[in-house]
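Whatever order the structure lists them in is the order used to number ligands and atoms, beginning at 1. The basis for the numbers below is simple: all heavy atoms, side chains too, and nothing from hydrogens, waters or symmetry mates. Heads up: numbering here begins at 1 and tracks the sequence.
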Amino acid sequence: MKAKIEAFMDEVKTRNGHEPEFIQAVQEVAETVIPYIAKHKIYNGKNILLRMVEPERLISFRVAWVDDDGEIHVNRGYRIQMNSAIGPYKGGLRFHPTVNASILKFLAFEQVFKNSLTTLPMGGGKGGSDFDPKGKSDDEVMRFCHAFMLELNRHVGPNTDVPAGDIGVGAREIGFLFGMYKKIRNEFTGVLTGKGLSWGGSKIRPEATGYGTVYFAQSMLKTKNENFEGKTVVISGSGNVAQFAAQKAIALGAKVVTLSDSGGYIYDKDGIDEDKLAFVMDLKNNKRGRISEYIEHYKSAEYHKGKTPWEVKCDVALPCATQNELNAEDAKTLLSNGCICVAEGANMPSTTDAVHEFIKAKILFAPGKASNAGGVATSGLEMSQNSLRISWTREEVDARLKDIMEDIHESCIEYGKQEDGFVDYVKGANIAGFVKVADAMLAQGVI
Ligand code: NDP
Ligand code: 2IT
């Protein structure tokens, strides 16, 4: 089996040698799915996984825009349309200076499995740009988003490809992108999700990824007769996912003690309560400030510049910032400090070696494609509401989100439970996600 996986990965590396993040994401899937394929004859000899690692379409384009001083800038825009076997391409847009084809391909690949897990009919895609919204004026961001959509509009549509937010793309950017799409196409449709509530957005979509991550962790803890009440929780990031993961964890009685950004992390030994979190939300979402400013307002808190929060003792860790932000050393520290549950709010925040540490220790570990699927699932609910031209209540969407997260948890158990009772959520998520897409691909023939 090891040789089979290696031979497959050699082929992937030959074609994508310069794309480390993409290779990392494929490796994780190959390790769990290739043994499954070997045991199930219908997938034998079909080269399904090899077909799944090749994007159906990879679009790269120039985005030229003018800053407030009249200077012209050129960024690179992308949309990776990875797999449409079970529905229109669906996945976020990331605006961050580190964006490149490798990062977007890893995200698009993960998205295929994640979207399959949600039980909703969505294929997988991802896009974005190396544009950095940090330090740009609202007008500059608007001009960039308009220029980006000037090209992207010809590749997307409510039944073709439906982008949403990700790092650096929130409500502001979705508004500018939607405005330009509507102007060019002269149609008001659900081409994007994460829209404002007064123009087609779904209630709970802003909260969904963070809430869903906590709901998933809740289901995991329940298997051990545990819950969030009184637990110490360490969270990385301070953006959309981190904020709402913190909000839900606090509401469930947990003590959240850290948040971070790319500058470092804050540790508040007294716990970040709802008022303190409201301060962080205003700081990050409206003032677009830095997390270090927290300690100017809350004097008992500490700021650890250039560090990640994994050195803080906790029961539950929720990595909610970015890929590869938690390495094997961090994993060992978390384990030796007694951490019993890690649920990824971000995409691939744990390195491969860190994942191996968690699985070896048999703690509750959920990969992002399972635990952060609540965001895209609620995007799917936004698409349904747009198609039906109705709007569900907060309670209705939240109840559906909870059900979906429970379903995903069940699927992980179905495919990931070992003989000794340990649930390998990585294996469970990968196989459950694979089966639905692979079956659809088999039904549709070689295309
Ligand atoms: P935001 O842009 O709202 O926030 C990102 C946060 O992560 C910020 O605090 C940012 O800090 C931090 N961050 C970004 N890059 C780095 C880095 N290189 N090192 C350390 N910290 C970093 O994005 P989201 O909250 O939406 O996304 C966070 C993660 O969740 C991503 O992995 C994303 O793919 C994933 N995700 C998002 C979903 C969504 O619905 N939004 C759905 C599912 C997954 P700084 O301000 O300093 O850059
Ligand atoms: O990684 C993700 O799942 C997202 N950024 C959300 C995608 C979406 O279409 O809502």
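For the 3.5 Å distance criterion, the side chains of Tyr425 and Glu344 fail to qualify, holding no donor opposite an acceptor. The closest side-chain donor-acceptor pair between Asp67 and His73 falls under 3.5 angstrom. A donor atom on one side chain and an acceptor atom on the other are found under 3.5 Å apart for Asp68 and Ser137. Checking Glu56 against Ser84 by side-chain atom types alone, a donor-acceptor pair falls below 3.5 Å. Remark: the Glu21 side chain and the Ser102 side chain contain an N/O donor-acceptor pair separated by less than 3.5 Å. Judged purely by distance below 3.5 Å, without hydrogens or angles, the side chains of Asp270 and Ser300 pair a donor atom with an acceptor atom.
Using a non-hydrogen distance threshold of 4.0 Å, Lys134 registers as a contact of ligand 1. Residue contact annotation: Cys320 has a non-hydrogen atom under 4.0 Å from ligand 1. Under a 4.0 Å heavy-atom criterion, His96 is in contact with ligand 1.
Using a 4.5 Å heavy-atom cutoff, the side chains of Leu93 and Leu177 are in contact.
Ring-plane geometry between Phe22 and Phe109 is classed as perpendicular, the angle between the planes exceeding 60 degrees on a 0 to 90 degree scale with a lower cut at 30. A parallel orientation is assigned to the rings of Phe358 and Phe365, their planes being inclined by less than 30° (bins at 30° and 60°).
The nearest protein atom to atom 4 (O) of ligand 1, hydrogens excluded, is given as Gly239 CA, 3.3 Å; this is a heavy-atom distance. With respect to atom 28 (C) of ligand 1, the closest heavy atom belonging to the protein is Ala321 O, 3.2 Å. When only non-hydrogen protein atoms are considered, atom 32 (O) of ligand 1 lies nearest to Asn347 N, 3.2 Å. What sits closest to atom 33 (C) of ligand 1 on the protein, heavy atoms only, is Asp166 OD1, 3.2 Å.
When each atom of ligand 1 is checked for a heavy atom of Gly237 under 4.0 Å away, the hits are 9 (O). Shown in contact with Ser238 at under 4.0 Å from a heavy atom are these atoms of ligand 1, numbered in order with element: 9 (O). Listed by number with element, the atoms of ligand 1 under 4.0 Å from a non-hydrogen atom of Asn240 are 3 (O), 25 (O), 26 (O), 41 (N). Heavy-atom contacts of Ser260 reach the following atoms of ligand 1: 9 (O) (cutoff under 4.0 Å). Residue contact check: Gly345 has heavy atoms under 4.0 Å from atoms 30 (O), 35 (C), 36 (N), 44 (C) of ligand 1. For ligand 1, the atoms closer than 4.0 angstrom to any heavy atom of Arg94 are 31 (C), 32 (O), 33 (C), 34 (O).
Residue contacts with ligand 1 for Arg205 involve side-chain atoms from C-beta outward but no N, CA, C or O (heavy atoms, distance under 4.0 Å). Contacts of Asp261 with ligand 1, taken as heavy-atom pairs under 4.0 Å, involve both backbone and side chain. With a 4.0 Å cut-off on non-hydrogen atoms, Arg290 touches ligand 1 through its side chain and not its backbone. When non-hydrogen atoms are compared, ligand 1 lies under 4.0 Å from neither the backbone nor the side chain of Glu325.
Just one of Phe95, Phe131, Phe178 meets the ring-ring contact (aromatic ring centres under 6.0 Å, His included) condition when paired with Phe148; it is Phe95. Only one option out of Thr193, Thr118, Asn115 pairs with Ser379 in a side chain to side chain donor-acceptor pair (under 3.5 Å); it is Thr193.
The N/O atoms of Gly165, backbone and side chain alike, include none that comes under 3.5 Å of an N/O atom in ligand 1. Considering backbone and side-chain atoms alike, Gln323 places every N or O at 3.5 Å or more from each N or O of ligand 1.
For residues 90-103, the set of pairs meeting the salt bridge (charged side-chain N to carboxylate O under 4.0 Å, His left out) definition, not counting sequence neighbours, comprises Arg94-Asp166.
Remark: Glu54 does not engage Arg51 in a salt bridge, criterion side-chain N to carboxylate O under 4.0 Å. In this structure, Lys402 does not pair ionically with Glu406, as no charged nitrogen and carboxylate oxygen lie closer than 4.0 Å.
With sequence neighbours left out, Phe279 forms a ring pair (Phe, Tyr, Trp, His ring centres under 6.0 Å) with His297, Tyr298.
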Give every pair formed by an N or O atom of ligand 2 and a protein N or O atom closer than 3.5 Å, one pair per line with both atom names and the distance to 0.1 Å, or write none.
| residue | atom | partner | partner atom | Å |
| --- | --- | --- | --- | --- |
| ligand 2 | 1 (O) | Gln111 | OE1 | 3.4 |
| ligand 2 | 1 (O) | Lys114 | NZ | 3.0 |
| ligand 2 | 1 (O) | Lys126 | NZ | 3.0 |
| ligand 2 | 1 (O) | Asn347 | ND2 | 3.0 |
| ligand 2 | 3 (O) | Gln111 | NE2 | 3.0 |
| ligand 2 | 3 (O) | Lys114 | NZ | 2.8 |
| ligand 2 | 5 (N) | Lys126 | NZ | 3.3 |
| ligand 2 | 5 (N) | Gly165 | O | 3.0 |
| ligand 2 | 5 (N) | Asp166 | OD1 | 3.0 |
| ligand 2 | 9 (O) | Lys90 | NZ | 2.6 |
| ligand 2 | 10 (O) | Arg205 | NH2 | 3.0 |
| ligand 2 | 10 (O) | Ser379 | OG | 2.5 |

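By heavy-atom distance, the residue among Ile103, Asn324, Thr209, Val169 lying nearest atom 42 (C) of ligand 1 is Thr209.
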Report all side-chain donor-acceptor pairs from residues 247-264 shorter than 3.5 Å, counting only partners two or more places apart or in another chain.
| residue | atom | partner | partner atom | Å |
| --- | --- | --- | --- | --- |
| Gln247 | OE1 | Tyr211 | OH | 2.6 |
| Lys248 | NZ | Tyr215 | OH | 3.3 |
| Lys255 | NZ | Lys269 | O | 2.9 |
| Thr258 | OG1 | Ile235 | N | 3.0 |
| Thr258 | OG1 | Ile235 | O | 2.9 |
| Ser260 | OG | Gly237 | N | 2.7 |
| Asp261 | OD1 | Gly263 | N | 2.9 |
| Asp261 | OD1 | Arg290 | NH2 | 3.4 |
| Asp261 | OD2 | Lys284 | NZ | 2.9 |
| Asp261 | OD2 | Arg290 | NH2 | 3.3 |
| Asp261 | OD2 | Ile291 | N | 2.8 |
| Ser262 | OG | Arg290 | NH2 | 3.3 |

